[in-house]
Number of protein chains: 2
Amino acid sequence: MLDALRACGLKVTPQRLAILNQLVGDPTHPTATELFGRLREELPSMSFATVYNTLAALTKQGLCAARQLESGPVRFDPNVAPHDHAVCDSCGLVIDVMTEGLAAASAATNLKPVQGFSVRSVERIYRGRCVQCAAPNEPQTDAEKETGD
Amino acid sequence: MLDALRACGLKVTPQRLAILNQLVGDPTHPTATELFGRLREELPSMSFATVYNTLAALTKQGLCAARQLESGPVRFDPNVAPHDHAVCDSCGLVIDVMTEGLAAASAATNLKPVQGFSVRSVERIYRGRCVQCAAPNEPQTDAEKETGD
DNA sequence: TTGCAACTAAGAATCATTCTAAGTAAGGTC
DNA sequence: GACCTTACTTAGAATGATTCTTAGTTGCAA
Ligand SMILES: [Mn+2]
Ligand SMILES: [Mn+2]
Ligand SMILES: [Zn+2]
Ligand SMILES: [Zn+2]
C-alpha cells in the first residue's frame with residue numbers, strides 16, 4: 001500500500017492509506033460516497049473532496065480504475081487488469097467477469113482498428129439479473145440492500 | 001413517428017414529435033442538453049424538463065435507448081438494435097459498431113448465464129482514438145469540436 | 001363538446017462532482 | 001533535527017446533470 005503510493009510519486013498520507021486500504025480487496029465497485037461513508041469513523045475529519053481528489057490521483061496513477069457502468073455515480077475498481085462486468089438491472093450489483101478462452105482471443109482480435117478507431121481497450125458489459133434477483137419470489141431492490149434486508 | 005408514439009400509448013404532442021424527429025437518424029448519440037439546444041428555435045417555449053421527461057418516456061417504450069458510455073451526461077441513441085460502440089478518449093466521439101462474424105457468434109454464446117447472472121444483453125465498448133484524433137498532427141479536442149475548428 | 005388523465009412550463013430541489021481559498025504536513029535538504 | 005517547498009487537506013461555494021413540484025394546458029376518448 002505504502003510502497004504503491006511512493007512508487008508512483010504520491011505523498012503518503014493517512015487519508016490516502018485509509019482510502020486505498022478500504023478499496024483494495026473490495027470487489028463491490030464502491031462509489032466515492034460509499035467509501036466516504038465507510039471511512040467516516042476512522043477519519044472523521046476527512047473531507048469529501050479528499051475522497052474525490054485521492055481517487056482521481058489513484059486512478060491517474062493506475063492504482064485503481066474508475067468505471068461508469070450505468071447512470072449515476074462513478075464506481076471505483078481495485079482490479080486494474082482487463083476484465084468485464086456483469087450489472088444487475090434490478091439491484092445494481094456489479095461483479096467482475098474474467099474473459100476467457102474464445103472470448104479472450106476475440107478480445108485480442110478486436111484490438112484491430114474498428115472503423116478507423118485505433119482501439120486501446122475493449123470492455124464488455126453483461127446486463128441481466130443477479131442470482132438474488134433472478135429468483136422469482138424475492139427480487140432484491142436497492143433499498144433492501146441498504147437496510148441489509 | 002406519429003404512429004410510433006400512438007402505438008405505445010403515448011399522447012402525440014408537438015414537443016414529442018420534435019424530439020423524436022430530431023433524434024431519429026442522428027448517429028451522434030446526443031445528450032439531452034444537445035437536443036434541447038437544437039430544438040430551441042423550433043419550439044422556443046419548450047422546457048428542459050420536457051426533454052428529460054420525453055426521453056425517459058421514449059426510452060421506457062423502447063423507441064430509443066439511453067447510454068452511459070463514459071462519465072458525464074447520458075447519451076440517447078435512436079438505434080435500439082443490439083450493437084456496440086467505439087468511444088474516442090480524446091474528443092468524446094461515439095460511433096456505432098455492428099458486431100459481425102465471430103464476434104456476433106461469441107455474443108450469442110455469452111447469453112449463457114455468467115456466474116449466476118441471467119444475461120439479457122451484452123454490450124461492448126471499444127476505447128481508443130478516432131480517425132481525427134489518431135492523426136499525430138492535429139488531435140481534436142472537445143473545445144475545438146464545439147467551435148467547429 | 002366535455003372531462004379528465006396525461007402532458008408541459010417554470011423553477012426549486014437534489015445529487016454528483018469540481019473548484020477555490022486558506023491552512024497543514026510530507027519528505028527532501030542542510 | 002529544523003527548515004522549506006510544495007503537495008495535500010479542509011470547508012464550503014460553485015457547477016452541471018437530472019429529478020421533483022406545482023399549477024396551468026391539451027390530446028383525445030366518450
Ligand atoms: Mn471490476
Ligand atoms: Mn449506438
Ligand atoms: Zn440483483
Ligand atoms: Zn477523437
Side-chain angles (χ1 to χ4, degrees), chain A residues 1-20 22 29-37 39-40 42-61 63-64 66-76 92 142-143 146, chain B residues 1-20 22 29-37 39-61 63-76 92 142-143 146:
Chain A
M1 234 58 322
L2 208 138
D3 305 336
L5 287 173
R6 278 206 262 262
C8 55
L10 293 174
K11 285 189 177 174
V12 176
T13 69
Q15 292 85 352
R16 285 176 173 178
L17 284 174
I19 291 169
L20 204 40
Q22 188 64 233
H29 304 81
T31 64
T33 303
E34 285 166 354
L35 288 168
F36 181 62
L39 292 166
R40 260 191 320 212
E42 184 176 347
L43 285 170
S45 74
M46 185 170 57
S47 163
F48 214 148
T50 296
V51 178
Y52 275 101
N53 287 339
T54 299
L55 289 169
L58 297 179
T59 300
K60 193 203 275 195
Q61 298 305 320
L63 296 180
C64 69
R67 314 215 180 268
Q68 182 86 60
L69 299 168
E70 43 182 348
S71 60
V74 169
R75 298 182 165 277
F76 292 88
D142 276 324
E146 275 165 31
Chain B
M1 237 55 322
L2 207 136
D3 305 335
L5 287 173
R6 279 207 260 259
C8 55
L10 293 174
K11 285 191 178 174
V12 177
T13 68
Q15 292 86 351
R16 286 177 173 178
L17 284 173
I19 291 170
L20 204 41
Q22 188 64 234
H29 304 80
T31 64
T33 303
E34 285 165 355
L35 288 168
F36 181 63
L39 292 166
R40 260 193 318 215
E41 44 189 71
E42 183 176 347
L43 285 170
S45 74
M46 185 170 56
S47 164
F48 214 146
T50 296
V51 177
Y52 275 100
N53 287 339
T54 299
L55 289 170
L58 297 178
T59 300
K60 193 202 274 194
Q61 299 305 319
L63 296 180
C64 70
R67 313 216 180 269
Q68 182 85 60
L69 299 168
E70 44 181 349
S71 60
V74 169
R75 298 183 165 276
F76 292 89
D142 276 323
E146 276 165 30

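Excluded from the calculations below are hydrogen atoms, water molecules and symmetry mates; all remaining heavy atoms, backbone and side chain alike, are included. Residue numbers start from 1 in every chain, and the chains themselves are labelled A, B, ... in the order their sequence lines are given, proteins ahead of strands.
The nearest whole Å value for the distance from the CE atom in A/M46 to the C1' atom in C/dT24 is 16 Å. If you measure from atom CG of B/L17 to atom C1' of D/dG27, you get 12 Å, rounded to the nearest angstrom. Between A/L5 atom CG and D/dA7 atom P the separation is 16 Å, expressed in whole Å. Regarding B/R40, its CZ atom lies at a distance of 16 Å from the C1' atom of C/dA9, rounded to whole Å. Note: CZ (B/R16) to P (D/dC28) measures 10 Å, nearest angstrom. Per the geometry, CG belonging to A/L43 stands 8 Å off P belonging to D/dT10, to the nearest Å. The separation between B/K60 atom NZ and C/dA6 atom C1' is 13 Å, rounded to whole Å. In this structure, CZ of B/F36 is placed 15 Å from P of D/dG16, rounded to the nearest angstrom.
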Pull out every protein N or O sitting under 3.5 Å from an N or O of nucleotides 27-30 of chain C, one pair per line with the distance.
unit_1: C/dG27; atom_1: OP1; unit_2: A/V12; atom_2: N; d: 2.8

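Side chain of B/E42 to main chain of B/P44: no donor-acceptor pair is present (N/O by atom type, distance under 3.5 Å, no hydrogens or angles).
Listed by chain and number, the residues in a side chain to side chain contact (heavy atoms under 4.5 Å, CB included) with A/T31 are A/T33, A/E34, A/P73, A/R75 (sequence neighbours excluded). Legend: residues meeting side chain to side chain contact (heavy atoms under 4.5 Å, CB included) with A/Q22, ordered by chain and number and at least two apart, are A/L35, A/R38, A/L39. Every side-chain hydrogen bond (donor to acceptor under 3.5 Å, both in side chains) that A/R67 has, sequence neighbours left out, goes to A/D77. Legend: residues meeting side chain to side chain contact (heavy atoms under 4.5 Å, CB included) with A/A66, ordered by chain and number and at least two apart, are A/T59, A/V74, A/F76.
Across all their heavy atoms, A/R16 and A/A57 have their closest contact at NH2-CB, 4.5 Å. Scanning both residues, B/F36 and B/F48, for their nearest heavy atoms gives CE1-N, 3.8 Å. Taking all atoms of both residues into account, the shortest heavy-atom contact from A/I19 to A/V51 is CD1-CA, 3.9 Å.
With contacts defined as side-chain heavy-atom distances shorter than 4.5 Å, the pair B/T54/B/L10 does not qualify. Between B/N53 and B/Q15, the closest side-chain pair of non-hydrogen atoms is not below 4.5 Å. Counting heavy atoms from C-beta on, the side chains of A/L5 and A/L17 come closer than 4.5 Å.
Checking B/G9 against B/P44, the closest nucleotide of DNA chain C that is more toward the 5' end is the one next to B/G9.
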- Going 5' to 3' through nucleotides 12-19 of chain C and flagging B where a protein heavy-atom sits under 4.0 Å of the base, S where only the sugar-phosphate is that close, and - otherwise, we get ----SBBB
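Contact check, A/Q15 against D/dT10: a side-chain N or O comes under 4.0 Å of OP1 or OP2. Checking the phosphate oxygens (OP1, OP2) of C/dT8, no side-chain nitrogen or oxygen of B/S45 falls inside 4.0 Å.
With axes fitted over five pairs at each extremity, the angle between the ends of the helix from C/dT1-D/dA30 to C/dC30-D/dG1 is 30° (10° resolution).
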